[in-house]
Amino acid sequence: MSIRHAPIILLRNCKSLNPFSLYKITHNIITHNTHIHLPFAIAPIHQSNEPTLVVTLRMLNRLCKSGETKAALLMLKDLEKNDTFKANVTHYNIIINTLCKERRVNEAVEVYGEMMAKGVVPDVWTYNVLIKGLCGLRLLDEGRGLFGEMVEKGVAPNVVTFNILVHSFCKDGKVGEARDWFDLMWEFGCVADVVSYNILVNGYCKVKRVDEALSLFVMMSEKKVVPDIVTYTTLINGLCQVGRVEDALTRFGEIRGCGLVPDVIAYSTLIDFLFKNGKFDEAVALVKTMEEGNVVPNIDLYNILIDGMCKAGKVDVGEDIFRKLPASGLKPGFYTYNILINGYCKNKMITEALSLLKEMCVKRISPTIVTYNTLINGLCHVGRLKDALLLFDDIHKRDLVPTVVTFSTLIDSLFKHEKFDEALGLLRTMEGVGLVPNIVLWNILIDGMCKSGKVDVGHEIFRGLSSRGLRPNIRTYNVMMNGLFKNGKLTDANQLLQEMMIAGCMPDAYTFNIIIQGFLRWNETTMAVQFLRRMLDAGFSADIHTSINLVNLLATKELDSDSKEVLKTFFQHTIDTTVT
DNA sequence: CTAGGGTTAG
């Protein structure tokens, strides 16, 4: 037997080897026996007479699919070296795609450079994959740049190219630009398909512009693009998000009439929404309908069910579903554990939550940082700050990295325990490891500052937000307003209210309660009553503190008849809603 | 032999 035939015999006998081992062996033989050509060595793996091109493509693809990127890269290098067999654009595409999926976009771009240096001309697939990879890292400008480059090089974009771009801009919250890309495709001879519409419909829904989503739905029928189950699920989700449940249910009912069948995700969307809005019975009824329709629940639906049970205070039912998963051939992963742990925490059953953490470790399911964040939050919530800090120390031992959420939770709790110095110390630690506070943490900090008697520092932080590229949200305004009122800075508080309205941030129930209590505290009865009226008009109700203050007001103060009238309406309204 | 869309936890 000549050395030339060695690989053939070797590989014929090792069908059970995985692609990596096969290629490793092939690769080793080739590197040590330079006279053997790569295709010659690989072909026998498949014991077929297929053309070498197809064989090598399959080989590469199998390596990538089984997570053996290293071996795949090795193989590509060999293909590049080979002079009797030239690497084809698809070889490169497979590699570039894999690297992009692994978020190794830098390397993908390098391979792109290499292929051009080798004179291999990139095609539309190459660009689509790279644009998607870049946009996935939120490098939208680079993605846009690559689009320009492909056009310049004469590679025509297709509908997929535009879908990737529309989707990327939607994900970044830039629906306007997404719409521009959507409209642009016709100028390149492309026509939007059902996927294009679904992406944009979802984009509009995610920023709560549901009416524009609905008008796209109309546009679809004008353009004779038939909606599919994804279109319906997207719309239903959007309608739910803006509280239009009735419309959502109507759409759900339309599905079958279009010759479509609701799938698990369609059901999941509605079921989850029903649970989140306290419509427990309706949610359970829909699960039954689903099962009767022979739609098989998957792990995601079970996660939603477990979460829903926990949110309804029925953790034991949640645990029951959890324990019965293996019977349905499903095994809970860290995600499911996190949900159940969260359920126990929200129901203040910390012992059970902690024992689930132990169980994960025993079953070799690695907890994630979310697991720890959930437990730390749960411990803080029941006042066990010390234990929360102990758990915080465990994070490093598990090779996990704390996130801004981890720090925020602890800092918030430290502030609530009036441990101001420790809170600020932890903030410094956080910044020391290169984490940047987000708006949620700034809200906590502003609140903490105000409550430790440093309103001015809080106000300063607030003023500095825009220079950090952050926009105050409703909570930011609320904590700031609360701080200003509590410290008697009524003028500033008033000004802040104007500011938030101009910024398009509408006061919510919290805002009104803060304002009313704030004015009452400083005996500004007229203002308080004025805002009470505005609150009632806006459809919000008073919280318990505000209500008590208003009762006291009625009992102790001389009031003009107008004010009395407002208070009367308020109490009547409260009684009505309490009785029903 | 490669590219695009809908649901869930802190």
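Both backbone and side-chain heavy atoms feed into the values below; hydrogens, waters and symmetry mates do not.
Nucleic acid contact class of A/Ile199 (heavy atoms, under 4.0 Å, all strands): sugar-phosphate only. At a threshold of 4.0 angstrom between heavy atoms, the contacts of A/Lys346 are confined to the sugar-phosphate backbone, with no base atom among them. Looking at heavy-atom distances under 4.0 Å, A/Asp263 makes contact with a base. Residue A/Ile265 is in base contact, counting any heavy-atom pair closer than 4.0 Å across all strands shown. Residue-level contact check: A/Asp193 touches the bases, meaning some heavy atom is under 4.0 Å from a base atom. Residue contacts for A/Val405: at a heavy-atom cut-off of 4.0 Å it reaches a base atom on one of the strands shown. Across all strands shown, A/Val89 has no heavy atoms under 4.0 Å from either base or sugar-phosphate atoms. No contact: A/Ile236 has no heavy atom under 4.0 Å from any strand.
For A/Thr403, the side-chain atoms get nearest to B/dG10 when compared with the rest of B/dT2, B/dG6, B/dG10. Residue A/Asn373 places its side chain closer to B/dG10 than to any other of B/dA3, B/dG10, B/dG6. Comparing B/dG10, B/dT8, B/dG6 by their nearest atom to the side chain of A/Asp300 picks out B/dT8. Of the listed nucleotides (B/dA9, B/dT7, B/dA3), B/dA3 has the atom at the smallest distance from the side chain of A/Asn97. In this structure, the nucleotide among B/dA9, B/dC1, B/dT7 sitting nearest to the side chain of A/Ser268 is B/dT7. Set against B/dG6, B/dT7, B/dA9, the side chain of A/Asn342 has B/dA9 as its closest nucleotide. For A/Thr90, taking side-chain heavy atoms from C-beta onward, the closest of the listed nucleotides B/dT2, B/dG10, B/dT7 is B/dT2. Out of B/dG10, B/dT2, B/dA3, the shortest distance to the side chain of A/Asn158 is found at B/dA3. Residue A/Val370 places its side chain closer to B/dA9 than to any other of B/dA9, B/dT8, B/dG6. The side chain of A/Ala266 sits closest to B/dG6 out of B/dG6, B/dT8, B/dA9.
Distances shown here put every side-chain N or O of A/Lys132 at or beyond 4.0 Å from the OP1 or OP2 atom of B/dT2. For B/dT2, the OP1/OP2 oxygens have no side-chain nitrogen or oxygen of A/Lys101 closer than 4.0 Å. For B/dG6, neither phosphate oxygen OP1 nor OP2 lies less than 4.0 angstrom from any side-chain nitrogen or oxygen of A/Lys171.
A/Leu379 places its CG atom 13 Å from the C1' atom of B/dG10, with the value rounded to the nearest Å. Between the CG atom of A/Asp272 and the P atom of B/dT8 there is a distance of 6 Å, given to the nearest Å. Atom CZ of A/Phe252 and atom P of B/dT7 are 15 Å apart (whole Å). Separating the CG atom of A/Leu301 from the P atom of B/dA9 is a distance of 14 Å, rounded to the nearest angstrom. One interatomic measurement links the two molecules: CG of A/Asn237 to P of B/dG6, which rounds to 10 Å at whole-angstrom precision. Computed from coordinates, the A/Ile339 CD1 to B/dT7 C1' distance equals 11 Å when rounded to whole Å. One atom, OH of A/Tyr267, and another, C1' of B/dG6, lie 16 Å apart when rounded to the nearest Å. Atom CG of A/Asn338 is separated from atom C1' of B/dA9 by 6 Å (rounded to the nearest Å).
Of all the heavy atoms in A/Pro332 and A/Leu325, the pair that sits closest is CB-CD1, 4.0 Å. A pairwise comparison of heavy atoms in A/Phe162 and A/Trp181 identifies CD2-O, 3.6 Å as the closest pair.
Within the 4.5 Å cutoff, side-chain heavy atoms of A/Arg256 are placed close to those of A/Pro262.
Between the side chain of A/Thr233 and the base of B/dG6, at least one donor-acceptor pair of N or O atoms lies under 3.5 Å.
Around the CZ atom of A/Arg323, the shell of radius 6.0 Å holds more than 12 heavy atoms that belong to other residues, nucleotides or ligands.
Judged by distance alone, the side chain of A/Arg475 and the main-chain N or O of A/Ile439 form no donor-acceptor pair under 3.5 Å.
Side-chain atoms of A/Thr90 and A/Asn93 include no donor-acceptor pair closer than 3.5 Å.
Not less than 6.0 angstrom separates the ring centroid of A/Tyr335 from the ring centroid of A/Tyr302.
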